[in-house]
Every structure is written in C-alpha cells, then in structure tokens.
Amino acid sequence: MLTPSSVVANLRRARNNHFVINGSDGLAYRLAEQLTTRYGVDVVVLMTTDQRRDARDFGELPRVRVVVVERVDERALVKADVATAIGLALTVQDDVGNIHVALQARDLVPGLRLVVRMYNSHLGRGIEELLGNARVLSDAEIASPALVALALDEVNAVPLPVGGRTLVVARRTDVAPDDVVCGLVDTTTGGTAPDLLPADPGRADLVLAEARVSSGVADSVADTVNTVARTVRRNARRWRLPAVVDTAKTLISRQFRIAVVVVLLILVGAGFAFARTRPEVASFWDGVYVTLVNALGGPQLEADIPGWQQVLQLLVALAGLALVPLITAMVVEGAVNARLAVAQGRLRLPEEGHVVLVGLGNVGTRVLRLLYDRDVPLVAIDVKEEARGVPLARELGVPLIIGDASRESTLRSAHVQNCRALMTLASNDVINLEAALHGRNLQPKLRVLVRLFDGDLAARVRKTFSIRFTRSVSYLAAPAFAEALMEREVIGTISVERRVLLVAEVVVGTGSVLAGQRVAVADTAGAVRVIALAEFGEPRPLWRPAPNRVLQARDRITVVASRDGLSRLMRQAAGNGADDDADPIEQGADASAP
C-alpha cells in the first residue's frame, strides 16, 4: 500500500509552473486571481466540501483547478500536486489548522515555499523560524492601518523601515522638501482615479518622506491625533441635557415613555382647565395643585360643580391611579436596563466626535486596537456575542453594542448621528452597505468607510450613493501574499483608493537586461520609481540616485512600484543564468506576457 510519502517520492520531478492555495474566501480568490492573471502561472485551489458551500466562484478565473476533499491532510496535498508546486499558500482563517497543514506539507516536501495566514502575528514570527523557507502574514494587520487612516481622514502614516531610514507617506505640504524621497500620487487630477507615480514627481501631492525626529511628519500626525482626542474627551465630560435625554431613551422603553407623557398631559390640561374656569383657583399653579390633590388623594366630593368638571375630576383621578404604577414600572425597568448597560459598556457611549466600528472579526479587532491605542473614542457593534473582538472590547472598556448594525435603531443607540466616522468592516457586503446607508440617513455628511469585496459593486456604490471610501481587505492584502509566495523582498504596501503600491528590493541579476543600463531604464512613470541604490559591496544605499547612474550586476535597487510594474522589473532584473528553482515564476510570467 502506497503512503503519501512514497507517492511524493514517486512523483518528485522538476517543479511545475503552479501554486497551491488552501482556502475558499476572498483572500484565496484575490490571490488566485493575481497569480493567474497578472503573473501567468497555474493555480490549484484546495478546499473542503464544507468550505465549498460558501466559496467564491473560482471557475471564472483562468488557469485555476479546484480540488475538493473531505479534509485537508497529506493525501489531499498529494492530490493537489503539492510535490511539484512552486509554493503553497494557506489562507484559511484558522491559525492552528494552518500550522497543522504547514507541518504536513513540510514533511512531504521539505524545501517547499510556504506562506501562512495567521491572525496572531507574534506567534507567526516564531513559526517562520521553525518551518524554514516560510512567511507568515496577517491580512488584518496589513489592511488595518490603511483603513484607520482613511476613516480619520489622515494619510497612512505607518512607518516603513527602508535601508536604515524610516519612511512614511505624507502630504507634501506637511514635510520639508529635503525629506521627500519620491512623489507617490497626484490626487488632484480630477479624474476617476489618482495618478500613481506621475512622470513629473513634483505634481504628486502625496509623497514618501523620511520621518525624522525633528520632522513635521510624525509630529503633525501625533499632534492631530492628540488634539482630537483631547477635544473629544473634554466634550464628553460636559453635562448636557441631550445626554440625559439619550440616556433615558436607552434605559426606558418607548411604550412606557408614551404612557407617562399621555398621563402628564392629562394632568397639565386639567390644571389649566381648573385655573381658567373655577373662581377659587387664582393662578395656573393653583390649578395644578388642585389637579394633583385630586389625582393623588382621590377626587373631592363637590356636588355643586358643573357636570363637565365632575367628569374632569374623575378623569384626573383615573390618571392619578395610573401614574404611580407607571412611575414604579419605569424605575424598575430603568434599574434593570442600567445594570445591563453597565455590564455591556453602553452607559459610557460617547455622544459626538467618536468613531462607530461595525464588525469585530479579525479586521475589526485589529482596527479596534489601533483606534484604542491612539486614544480615539469609539463605539463597537457586532451582532454576535462570540465575535473575536468582543472580549477585547470589554477588556479595554470600549463601549460595545450587541445588535444588528443593518438596523437604524442600532446605529441610533451608537449615536451615529453625531459621530466622526462610521466604519463598516463586517465580512458581509450586504450588512456593510445597509449600515452605511442608514448611517448616511442619520447624518448626511457622515464620513463612511465601507468594506466591500466586489470591485464592480464598490464602483456603483460610489457613483450612486456618493460613498467615496470603499475598500476590500483581501485586495489590500493579496499583493503581499503573492510577493511572499514568489520570495520577493517586499518591504511594505501603500494603499491608494482601491489600488496598492509596493515598496520592494530587487537584485540586478548577472546577464540581465538591467545590467549595464542606466537607472532611468528601471524607472518607469506610472509603474516603477527607484528610490535607492545599494551597489554591490557597499554597506549603505545611495538615496535618490541620478537617472544616468549605471546599474551593475548584483546591485540592489529599492523601488516603489505598482504590482504590474514590479513584475516587469523582476523579469528585467532576472539573470540569464538563473536556475529553475530561483526564477520559475519569472519564466512563467515571460511565457505568458503578450
């Protein structure tokens, strides 16, 4: 009987031009799409029968073969031809399950390139060292900083360590000219999409700049955040009548409020009537006094008053009988609801200037932590008590609402009508869109960030509903996973609208197209911008090298590039003597290039 190991030994031969992806969700789909359409390699998608029910439609992608198994084990990996694959990506949202499959794959093919999706990035760094030839990434960690920056109307200020310097994305007006490394994006084009890496770098209003200690980049970001936080905390400490009203609405049901208002209106109306019609009642206050005496002490026997006043007395007496039980019931309901609200943090809801975060899954939990660490007031909403971020929200004391965010009443309880921004980050596009539309109804000029997987739907939402900010987490994270599979030195990603720029290092291969060429050959408007050159043997890179500087074999260039631009640059930098193990993807991409 053949074991999986013996089957692998029998099948072992020169590597084929394909990757294996274990997963079925949006990240797996985007990764397969990128590998097949952008890089021209075949992909085998491995999933279980349970995952198949909710899987994306991989059949619409070219060069993709789907393998469905009962469970992912060694036999399933063999069935997916992992023995001849270039690399294996494990993209299921299950840290322990992914580690288990990675260990099985390592036993089958010791030298196989592994890319593992893990939420726990601290654990992931240790796993990388143990597995060898592996990269552990978190899609939530990659995408969250860009989402937070967008919601707060800030430039993505996540620092990128490059060549001994710390670089950040900033507005050109916020940094000194000497600190600008390169122009990134011109957002003033007036078109439907920003101009990435424009031919004239001076036109770019978003730049990549060095974050010095004395520079205004880090200081301006920190000052902005601290100012907002102080303002919101100061406003939250003020005791205002609207806050009392909102708290009462939270603790007391609408039916009780209506019943008490009706009874009070009857009493006030009766007092006004007595003040106007009875000669012994000299003022409105005397009328109220007579009314309350009749309501609380019972009607006073007066046979000589007109019949309509007798009826009014009886009505006041009935209202008095109803008033005491209603007040008692309201006190009891308010006390019970208050205890529940204290347990859930709803009594600490900020009233204005806060961020409302919908969805506490992997991404929402990361965003919650980032906002909390930056001292930004927020309210979290999730429909499930067992969501990943619920325990964290309660541990940090973040106000939490367990409810359906697609209902307007839930958003009202989070004070969306007065919030600074609404972030809908649930994994369901429909819920996110419904919550966004309800939020816009409550506050027409509200800044809304909607997580949408479908790019076509996102474009139509922007056009029809004027919701400018839509993002796909898988779209933001997939480039990093793809480049990790290809063993490329991607330092970081920069999100621009629904597009991504990559910061990467590329080595000029011996006998490559770039060897002996000027830097200007590698530097392409709209695709690649060379920001540093480390000549072979030199420990320190040369920043902003001159366009006429000549590249030599084994030089290392640091670039900011689009995904297509980086792929083209990698093909240009590949040496003629590269072996199959080093450049199988580049060879496959060349073969598929038009």
Side-chain angles (χ1 to χ4, degrees), residues 19-39 43 45-47 51-52 54-61 64 66 87-95 98 115-119 121 124 135-151 156 358-367 388 423-433 449-459 461-462 469-486 490 492-502 562-564:
F19 287 101
V20 177
I21 299 175
N22 172 217
S24 60
D25 61 0
L27 178 60
Y29 181 92
R30 292 291 189 199
L31 182 55
E33 177 186 45
Q34 197 159 121
L35 292 173
T36 55
T37 60
R38 290 183 178 272
Y39 305 119
V43 171
V45 178
L46 178 64
M47 66 180 71
Q51 293 169 346
R52 176 74 172 183
D54 300 322
R56 302 286 178 179
D57 184 11
F58 288 87
E60 63 188 23
L61 298 177
V64 171
V66 178
L88 169 65
L90 304 173
T91 65
V92 179
Q93 286 192 357
D94 180 1
D95 288 5
N98 286 342
V115 175
V116 185
R117 176 188 193 178
M118 289 187 65
Y119 176 81
S121 55
R135 183 73 184 275
V136 176
L137 298 173
S138 168
D139 58 325
E141 187 175 39
I142 293 170
S144 295
L147 300 177
V148 170
L150 186 61
N156 188 359
V358 174
L360 292 179
N362 287 352
V363 178
T365 304
R366 290 281 187 188
V367 169
R388 178 187 285 273
M423 304 178 70
T424 60
L425 302 181
S427 56
N428 187 302
D429 285 4
V430 175
I431 293 177
N432 289 336
L433 185 55
L449 170 62
V450 187
R451 177 184 178 182
L452 292 176
F453 173 83
D454 192 316
D456 179 69
L457 174 61
V461 165
R462 287 196 299 269
F469 307 112
T470 61
R471 293 292 183 270
S472 168
V473 172
S474 59
Y475 195 89
L476 294 172
F481 279 78
E483 302 304 321
L485 268 176
M486 297 178 181
V490 175
T493 60
I494 300 171
S495 171
V496 182
E497 297 286 339
R498 290 180 70 88
R499 303 164 70 184
V500 174
L501 291 175
L502 304 174
S562 65
R563 289 172 291 180
D564 290 337

Checklist entry - With distance as the sole criterion, is a donor-acceptor pair present between the side chains of Arg462 and Thr470 under 3.5 Å? => result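 On atom types as modelled, these side chains qualify, holding a pair under 3.5 Å.
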About how many Å separate [atom2] of [Y] and [atom1] of [X], when rounded to the nearest 0.5 Å?
X      : Y      : atom1 : atom2 : result
Glu483 : Leu137 : CD    : CG    : 11.0 Å
Ile21  : Leu46  : CD1   : CG    : 10.5 Å
Asn432 : Leu457 : CG    : CG    : 10.5 Å
Met118 : Arg135 : CE    : CZ    : 14.0 Å
Thr365 : Leu360 : OG1   : CG    : 5.5 Å

Return the set of residues passing side chain to side chain contact (heavy atoms under 4.5 Å, CB included) with [X] (not counting sequence neighbours), or none when no residue passes.
X      : answer
Leu433 : Leu437, Val461
Ala55  : Ser24, Met47
Ala478 : Leu27, Arg30, Gln34
Ser138 : Ala140, Glu141, Arg366

Would you call [X] and [Y] a side-chain contact if the rule is heavy atoms closer than 4.5 Å?
X      : Y      : answer
Arg52  : Val66  : yes
Gln93  : Asn98  : no
Met486 : Phe481 : no
Thr424 : Leu449 : no
Val115 : Leu88  : no
Val367 : Leu425 : yes
Ile494 : Val500 : no
Leu485 : Leu31  : yes

Next on the checklist: Applying ring-ring contact (aromatic ring centres under 6.0 Å, His included), can you list everything that pairs with Tyr119, at least two apart in sequence or on another chain?
Outcome noted: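 In terms of ring-ring contact (aromatic ring centres under 6.0 Å, His included), with neighbours along the sequence ignored, Tyr119 is linked to no residue.
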Item to check | Partners passing ring-ring contact (aromatic ring centres under 6.0 Å, His included) against Tyr29 (at least two apart in sequence or in another chain) | outcome: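 Testing Tyr29 for ring-ring contact (aromatic ring centres under 6.0 Å, His included), a comparison that skips the adjacent residues, returns Phe58, Phe453.
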Who are the salt bridge (Lys or Arg N to Asp or Glu O under 4.0 Å) partners of [X], not counting sequence neighbours?
X      : answer
Arg117 : Asp25, Asp139
Asp94  : none
Arg388 : none

Item to check | Arg451 charged N/C atom sitting above Phe469 aromatic ring, 6.0 Å / 45° | outcome: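 No, Arg451 does not sit over the ring of Phe469.
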Locate the shortest heavy-atom distance separating [X] from [Y]; write the atom from each residue and the value.
X      : Y      : value
Met423 : Leu147 : CE-O, 3.6 Å
Val92  : Gly23  : CG2-CA, 3.9 Å
Leu476 : Ile142 : O-CG2, 4.0 Å

Checklist entry - Who passes side-chain hydrogen bond (donor to acceptor under 3.5 Å, both in side chains) against Ser474, sequence neighbours left out? => result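 Here the qualifying residues are Ser472.
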Next on the checklist: Can you list everything that forms a side-chain hydrogen bond (donor to acceptor under 3.5 Å, both in side chains) with Asn428? Sequence neighbours excluded, please.
Outcome noted: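 Not a single residue meets the side-chain hydrogen bond (donor to acceptor under 3.5 Å, both in side chains) criterion with Asn428.
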Next on the checklist: Could you walk me through whether Arg471 and Leu452 satisfy the side chain to side chain contact (heavy atoms under 4.5 Å, CB included) test, starting with their C-alpha distance in whole Å, then the side-chain angles of each, then the deciding distance to 0.1 Å, before giving a yes or no?
Outcome noted: CA-CA 6 Å; Arg471 293 292 183 270; Leu452 292 176; over 6 Å; no
Checklist entry - Where the side chain of Thr91 meets the backbone of Asn22, is there a donor-acceptor pair that is under 3.5 Å apart? => result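 Pair found, side chain donor or acceptor close to backbone of Asn22.
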